Amino acid sequence: QLPLVESGGGLVQPGGSLRLSCTTSGFSLEYYNVGWFRQAAGKEREGVSCISSITSVSGREYYADSAKGRFTISRDNAKNSVYLEMNSLKPEDTATYFCAAHLSSSYCSAYVRGYDYWGQGTQVTVSS
């Protein structure tokens, strides 16, 4: 059983919105850098966004160019969750979205190798 659980995916029309959630019962996410990644059919997994842990001095949030201005990452420590709010969705956003976590007090990473724990993924399909 993977330690992280994603939810919130689904089928949405172009221009629509979805909010993805990532949570775990195994540890406190607030001490972990958390990243959102996506993998479209036949393509490599790519970083979409990440947020640094509360112990990070940087308070960094990262967005891939494809996500800037449309996606927002956030935490709710009381709910031990990290969210990815996705607006103005496009067909090219169609993919399986994964969240990942890494115990760290440094910058969050936009790369797969920067994370130790993963979820099973949630499918996002943008289509009319």
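The structure presented is a predicted model; accordingly, all values stated were derived computationally and were not measured.
With rounding to the nearest 0.5 Å, the separation of CH2 in W118 from SG in C22 is 10.5 Å. A distance of 5.5 Å separates CD of Q39 from CZ of F98, quoted to the nearest 0.5 Å. Between S52 atom OG and E61 atom CD the span is 8.0 Å, to the nearest 0.5 Å. Atom CD1 of I73 is separated from atom CG of L84 by 6.0 Å, given to the nearest 0.5 angstrom. With values rounded to the nearest 0.5 angstrom, N77 atom CG is found 12.0 Å from K79 atom NZ. The structure places OG1 of T23 at 5.0 Å from CG of N80, a figure rounded to the nearest 0.5 Å.
Screening residues 6-30 for salt bridge (Lys or Arg N to Asp or Glu O under 4.0 Å) gives no qualifying pairs among residues at least two apart or on separate chains.
Other residues, nucleotides and ligands place no more than 12 heavy atoms under 6.0 Å from the OH atom of Y111.
Remark: K90 does not engage D93 in a salt bridge, criterion side-chain N to carboxylate O under 4.0 Å.
The aromatic rings of F37 and Y115 lie perpendicular to each other, with more than 60° between the two planes, well past the 30° mark.
Looking at residues two or more places apart in sequence or on another chain, you find no salt bridge (Lys or Arg N to Asp or Glu O under 4.0 Å) involving R60.
In this structure, R75 fails the cation-pi test against Y83, since its NZ or CZ atom is not both closer than 6.0 Å to the six-membered ring centre and inside 45 degrees of the ring normal.
Residues S81 and S21 have side chains not in contact (no heavy-atom distance under 4.5 Å, counting atoms from C-beta outward). Residues T72 and Y63 meet the side-chain proximity criterion, which asks for heavy atoms closer than 4.5 Å.
Here the side chain of N87 pairs no donor or acceptor atom with the backbone of F71 at under 3.5 angstrom. Using a distance-only test at 3.5 Å, with no hydrogens or angles considered, a donor-acceptor pair links the side chain of S49 to the main chain of Y62. S53 places a side-chain N or O within donor-acceptor distance of the main-chain N or O of S104, the cut-off being under 3.5 Å.
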